There are 2 protein chains.
Amino acid sequence: MTDSSPAPGGRRRRVDAQRNLHALVDAARTVFDTTGVDAPAKEIADLAGVGVGTLYRHFPLRSDLVKAVVESGIDAIAALGARLGAEEEPGDALKEWLRQYATFLGSKRGLAPALHSGDPAYKELPGYFLAKVGPALAALLDSAVAAGVVRDDVSADDVLYAVANLCMPVPVERPGYEPRRMVAVFADGLLGGGRRPAHGG
Amino acid sequence: MTDSSPAPGGRRRRVDAQRNLHALVDAARTVFDTTGVDAPAKEIADLAGVGVGTLYRHFPLRSDLVKAVVESGIDAIAALGARLGAEEEPGDALKEWLRQYATFLGSKRGLAPALHSGDPAYKELPGYFLAKVGPALAALLDSAVAAGVVRDDVSADDVLYAVANLCMPVPVERPGYEPRRMVAVFADGLLGGGRRPAHGG
DNA sequence: TCTTGTTCCGGAAAGCCCTTCCGTTTCTCT
DNA sequence: AGAGAAACGGAAGGGCTTTCCGGAACAAGA
């Protein structure tokens, strides 16, 4: 994604360009969550401390910017999986990761209209998501199963989709629906209930 | 919806205003299907043979126009149910209505982005839809069940949702998917298969 | 039918935003 | 340090939205 390798032409990418690119993605994430996907380009450029020209240089299409924001989020949640897997107990790591995953899904609410707009620019995103996040969760899940703290009859993709569906906005008005609470329930079910390999399943 | 009753103030609504209002909704339906929900206001006004000012007089917000288009479609499909119920054999009426319903859903494809945008302006539409179309289908269904040409173990809402789901755009690329053909299959199942009251169910 | 008061129409104009473009600045490499 | 390339910034052009108001069209009453 955001590589600093020497370009094909032979020269290295300028550091200010890279800095601005990051700043733009960060600013866009914030503004998208605040004002929505249709926020004025100038608002994003201003927040990034950059001229509009620079924004358009890096992201000629708005969908390019949306894609970059989503992909950076995907990268972050996948990286978080690796970190938690290395630093926490398997059960805690999984639980915390699911919490963060639910938050991640919730924070992307403002982008949903764009993502579901049918724009072909977003065709590759689901694949990117599965390829990055799937293995990250699979690793956490494997460790937890191996440690005997989690049932072994669900796959990583199962969990990914189930949680994503739990976080889906409900079509009809239902005041008390709290996706993140439902995910916590789901996580408890994963950790507490069902068969586990250590107990003979 | 489009009433011509005397306004609260005491005076009747002007006929040209009402004519323009209809023309605008018709034009908007066409343009939305052609150019999309984000079509320029002038394109709609031109097609309606009206100035932009008139458009904004009747529909200050774009969502007002979208709502009017959707509601007029809902009214039409509900009215069609009544007409078919009165003029056709129960089985034919149901079959034909489902065909038209599928077409109706397909034609609203261009509006989907707006409808799913989370704009609170559209909150009431699902309720309006259910209240109008539900009874219309229920009447057709009751007649058909009474005539013994349709299984009696499905409700109107079941059918409404099932068909709507059949017409849902598929997330992954599947070239041959033809919603209307699937609906026809579904209709045959309704008419042909399963238990029917006349045969002892 | 004619008058009167109101509603409604039409399109010009102002404002906002997108997008491009190019002179200037900043960086990289030698 | 100097030359050349890459990137920056913001002004300018073009389109779309939305407002605004003078004038036209209509409804009610005589």
Side-chain angles (χ1 to χ4, degrees), chain A residues 2-28 31-32 34-69 113-114 117 119 121, chain B residues 2-28 31-32 34-69 113-114 117 119 121:
Chain A
T2 57
D3 69 299
S4 58
S5 54
R11 213 180 181 112
R12 183 181 300 171
R13 158 168 258 163
R14 273 172 56 166
V15 297
D16 57 342
Q18 185 142 330
R19 183 161 25 84
N20 285 334
L21 195 140
H22 275 123
L24 279 167
V25 173
D26 282 350
V31 171
F32 286 164
T34 305
T35 312
V37 238
D38 294 328
K42 183 157 196 319
E43 189 177 339
I44 298 169
D46 284 352
L47 183 58
V50 151
V52 271
T54 301
L55 192 161
Y56 279 92
R57 157 172 294 271
H58 287 295
F59 305 99
L61 273 40
R62 176 157 292 245
S63 61
D64 294 332
L65 189 50
V66 173
K67 255 169 59 182
V69 167
S117 67
D119 188 322
Chain B
T2 57
D3 70 299
S4 58
S5 54
R11 213 183 180 105
R12 185 182 298 172
R13 156 168 259 162
R14 273 173 55 168
V15 296
D16 56 344
Q18 185 142 329
R19 183 160 26 84
N20 285 333
L21 195 140
H22 275 123
L24 278 167
V25 174
D26 282 352
V31 171
F32 286 163
T34 304
T35 312
V37 238
D38 295 328
K42 183 158 197 321
E43 188 176 342
I44 298 170
D46 284 351
L47 184 59
V50 150
V52 270
T54 301
L55 191 161
Y56 279 92
R57 156 172 293 269
H58 287 295
F59 305 100
L61 272 40
R62 175 158 292 246
S63 62
D64 294 332
L65 189 50
V66 174
K67 255 170 59 183
V69 168
S117 67
D119 189 322

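The shown structure was predicted, so the numbers you read here are calculated from the model rather than taken from an experiment. Numbered from 1 within each chain, the chains take letters A, B, ... in sequence-line order.
Across the protein-nucleic acid pair, B:Arg62 atom CZ and D:dT18 atom P stand 8 Å apart, rounded to whole Å. With rounding to whole Å, A:Asp38 atom CG is found 16 Å from D:dC16 atom P. In this structure, B:Asn20 places its CG atom 13 Å from P of D:dA25, rounding to the nearest Å. Rounded to an integer number of Å, the gap from CZ of A:Phe59 to P of D:dA7 is 13 Å. Spacing between atom CZ of B:Arg12 and atom C1' of C:dG5 amounts to 17 Å, rounded to whole angstrom units. With rounding to whole Å, B:Arg57 atom CZ is found 6 Å from C:dC9 atom P. One can place CG of A:Leu21 at 14 Å from C1' of D:dA6, the figure rounded to the nearest angstrom. As a whole-Å value, the separation of A:Tyr56 OH from D:dG9 C1' is 14 Å.
When all heavy atoms of B:Ala23 and B:Ala48 are compared, the closest pair comes out as O-CB, 3.7 Å. Heavy-atom minimum distance, A:Val69 versus A:Val25: CG2-O, 3.8 Å. Across A:Leu24 and A:Ala45, no two heavy atoms sit closer than the pair CD2-CA, 4.4 Å.
Using a 4.0 Å cutoff on non-hydrogen atoms, the parts of residues 43-55 of chain B near DNA chain C are B:Val50, B:Gly51, B:Val52, B:Gly53, B:Thr54, ordered by number.
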Criterion side chain to side chain contact (heavy atoms under 4.5 Å, CB included) on B:Asp119 and B:Val66, from CA distance to verdict: CA-CA 11 Å; B:Asp119 189 322; B:Val66 174; over 6 Å; no

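Judged as a salt bridge (charged side-chain N to carboxylate O under 4.0 Å, His left out), the pairs with a partner in residues 50-69 of chain A (not counting sequence neighbours) are, in order, A:Lys67-A:Glu124.
Taking the nucleotide of DNA chain D with the nearest heavy atom to each of B:Asp16 and B:Lys42, the more 5' of the two is matched to B:Lys42.
Of the residues A:Val50, A:Val52, A:Leu55, the one that meets the side-chain contact (heavy atoms from CB on, under 4.5 Å) test with A:Ile44 is A:Leu55.
The phosphate of D:dA7 has neither OP1 nor OP2 within less than 4.0 Å of any side-chain N or O from A:His58.
Shown here are the salt bridge (charged side-chain N to carboxylate O under 4.0 Å, His left out) partners of A:Asp46, two or more places apart in sequence or in another chain: A:Lys42.
Contact annotation: side chain of A:Arg14 to base of D:dA6, donor-acceptor pair present below 3.5 Å.
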